[in-house]
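Notes to accompany the following structure.
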Amino acid sequence: MFDYHAFFDNNIRHLKAEGRYRVFADLARKAGSFPIAYDYDLRKDVTVWCSNDYLGMGQHPDVLRAMLEAVASYGAGAGGTRNISGNNHAVVELELELAALHGKERALLFTSGYVANEASLSTLASMLPGCVVFSDACNHASMIHGIRSSKAERRIFRHNDVAHLRELLEKEVPGTPKIIAFESVYSMDGDIAPIKEICDLAQEFGAFTYLDEVHAVGLYGPTGAGVAEREGLAHRIDIIQGTLAKAFGVMGGYIAAKEQVVDFIRSNAPGFIFTSAMCPVIAAGLLASVRHLRVSQEERRKLHARVADVKALFKQAGIPFLDAPSHIVPVMVNDAVLCKRASDRLLEEFSIYVQPINYPTVPRGTERLRVTPSPLHTDAMMGELVEAMVTVLGVGQKVREAA
């Protein structure tokens, strides 16, 4: 008989030997004190430097107030799927706000950004007759899974390589339904896609464009609609997909597009049809967050200033990082065991939490500590981070004084 438990044990043992076994810190975020959290394992406060709550909106007074008022008014849950009693006014309002944010006719909410990608891409690619999907080599796992689930033909183009994408498009029979799926900000390297050039190719070859702006919404553009808005290209994108769990600070995902596109996915995607609706408490908090960031420039301005400060200090200290044009600052370790060891030391010795990033999130040999500065990280915190990194990584010269 097959020994199931031995199989599971061997797998976990292998992960640990490779240095890829993941340990979750038992953290409690402190409302009003972001980026400080309490570590229940170490029984002390720590400074979080790897949060995807990029702007600290999960702690914003407007968001908390809206959620408290909503739970008092509506209760805790949604009560069902959108098709069966789960639709609620807060969700309707949030979808209207997100559509307006991106200048699209409609928006559709999902339980997460992952589900939004998987459900939308799998539905589109499986139902468009003879569809071929062109996917950037560095696309997120949710996009890859959605494309694979569709069983449509797929072509992988080299990361951000427009010339390679053109070569692949030229090989297809004219008139074939085509989807070009790509991201704006790539979360592990922090680089940004050539959106205009990809849109030009899509127009030339009659392709449908699907842009993941998960790591850009709230952070770029005059109203926080993402890189496509910043570059004046949102109108050229057929579907913009985003998350509500990062810069907007709560949870959930969505797509925004023309009405018939959204209606098609709403009516056909199992990942939307057969799951509970977003509860009104979450939708109310998100509505407050999106509305605030559409008019406020302060959080974005402070974020990008902090990112520039951290990069300057890293350069001065000789800390190896990818100097990408986004808010993501990957510190390269390039070894799974050493990366995990560095993360453990930062937490235990310096009360700094930066989770190690390893395979399958990034290729083997490119392990890193992914640093995400926020508007709420202070000069003192930055100085402490740099000193700790220098000590733990054993590189560069210590900064003479804290930032």
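All values below come from the heavy atoms of this structure, side chains included, with hydrogens, waters and symmetry mates left out.
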Quiz item: If we ignore angles and hydrogens, is there a donor and acceptor under 3.5 Å between the side chains of T123 and N268?
Solution: no
Self-check item: E213 side, atom CD; E183 side, atom CD - distance, nearest 0.5 Å
Solution: 10.0 Å
Which donor-acceptor pairs under 3.5 Å do the side chains of residues 243-250 make with protein atoms, sequence neighbours left out?
residue	atom	partner	partner atom	Å
T243	OG1	A245	N	3.1
T243	OG1	G252	O	3.2

Quiz item: Just wondering, do R82 and M278 contact through their side chains at under 4.5 Å, heavy atoms?
Solution: no
Practice problem: Drop me the distance from L303's CG to S374's OG, to the nearest 0.5 angstrom. | Solution: 7.5 Å
Self-check item: Any side-chain donor near an acceptor of the partner, Q260 and R106, under 3.5 Å
Solution: no
Quiz prompt | For N88 against A78, the heavy-atom pair lying closest together | solution = ND2-CB, 4.4 Å
Practice problem: May I ask you to check whether over 12 heavy atoms, not counting those of L68, lie within 6.0 Å of atom CG? | Solution: yes
Quiz prompt | Check: S126/K151 side-chain N/O donor and acceptor closer than 3.5 Å | solution = no
Quiz item: Between the side chains of N139 and D212, does any donor sit under 3.5 Å from an acceptor?
Solution: no
Quiz item: Between H159 and D191, does any side-chain donor sit less than 3.5 Å from a side-chain acceptor?
Solution: yes
Quiz item: Got a second to check how far F2's CZ is from F7's CZ, nearest 0.5 Å?
Solution: 5.5 Å
Self-check item: Aromatic ring proximity H102/Y254, centre distance under 6.0 Å
Solution: yes
Exercise. Indicate yes or no: at least one non-hydrogen side-chain atom of V63 is less than 4.5 angstrom from one of M67.
Key: yes
Quiz item: Would you call the rings of F8 and Y4 parallel, tilted or perpendicular if under 30° counts as parallel and over 60° as perpendicular?
Solution: tilted
Self-check item: Side chains of E118 and S142, donor plus acceptor under 3.5 Å
Solution: no
Quiz item: Is a salt bridge present between D9 and R13, judged by a nitrogen-to-oxygen distance below 4.0 Å?
Solution: no
Quiz prompt | Side-chain H-bond candidate by donor/acceptor type, S289 with H292, under 3.5 Å | solution = no
Quiz item: Quick one: are S343 and L346 in side-chain contact, heavy atoms under 4.5 Å?
Solution: no
Practice problem: Inspect the contact between E97 and R291 and indicate whether a charged nitrogen and a carboxylate oxygen are less than 4.0 angstrom apart. | Solution: yes
Exercise. Find out whether I147 and S122 are in side-chain contact, i.e. whether some heavy atom of one side chain is under 4.5 Å from a heavy atom of the other.
Key: no
Quiz item: Taking atom CG of D309 and atom CG of D379, what is their separation to the nearest 0.5 Å?
Solution: 7.0 Å
Self-check item: Test item: side-chain donor near acceptor, T361 and R22, under 3.5 Å
Solution: yes
Quiz item: Quick check, are the ring centers of F314 and F321 under 6.0 angstrom apart?
Solution: yes
Practice problem: Answer with yes or no after comparing the ring centroid distance for Y40 and Y38 against a 6.0 Å cut-off, counting only values under it. | Solution: yes
Practice problem: Count the heavy atoms of every other residue, nucleotide or ligand shown that sit under 6.0 Å from OH of Y359, and state whether that count exceeds 12. | Solution: no
Quiz item: Any side-chain heavy atom of V333 sitting closer than 4.5 Å to one from R368?
Solution: no
Quiz item: Does NZ in K258 sit with more than 12 non-hydrogen atoms of other residues, nucleotides or ligands closer than 6.0 Å?
Solution: no
Practice problem: Name the orientation class of the two ring planes belonging to Y114 and H145 (parallel below 30°, tilted from 30 to 60°, perpendicular beyond 60°). | Solution: tilted
Quiz item: Are more than 12 heavy atoms from other residues, nucleotides or ligands located less than 6.0 Å from atom CE of M332?
Solution: yes
Self-check item: Gap between atom CD1 of I179 and atom CZ of R154 - 0.5 Å precision
Solution: 13.5 Å
Exercise. Check each of M382, R370, Q355 against W49 using the side chain to side chain contact (heavy atoms under 4.5 Å, CB included) test, and report the only one that passes.
Key: M382
Exercise. Assess the pair H327 and Y220: is the distance between their ring centroids shorter than 6.0 Å?
Key: yes
Quiz prompt | Under 3.5 Å side-chain donor-acceptor pair for R20 and N358 | solution = no
Quiz prompt | Check: L124 and I265 side chains under 4.5 Å, non-hydrogen atoms | solution = yes
Practice problem: Examine the side chains of T223 and E229 and answer whether a donor and an acceptor come within less than 3.5 Å of each other. | Solution: yes
Quiz item: Side chains of H215 and Y54: do they bring a donor and an acceptor to under 3.5 Å?
Solution: yes
Quiz item: Atom CD1 of I180 and atom CZ of F182: how far apart are they, to the nearest 0.5 Å?
Solution: 7.5 Å
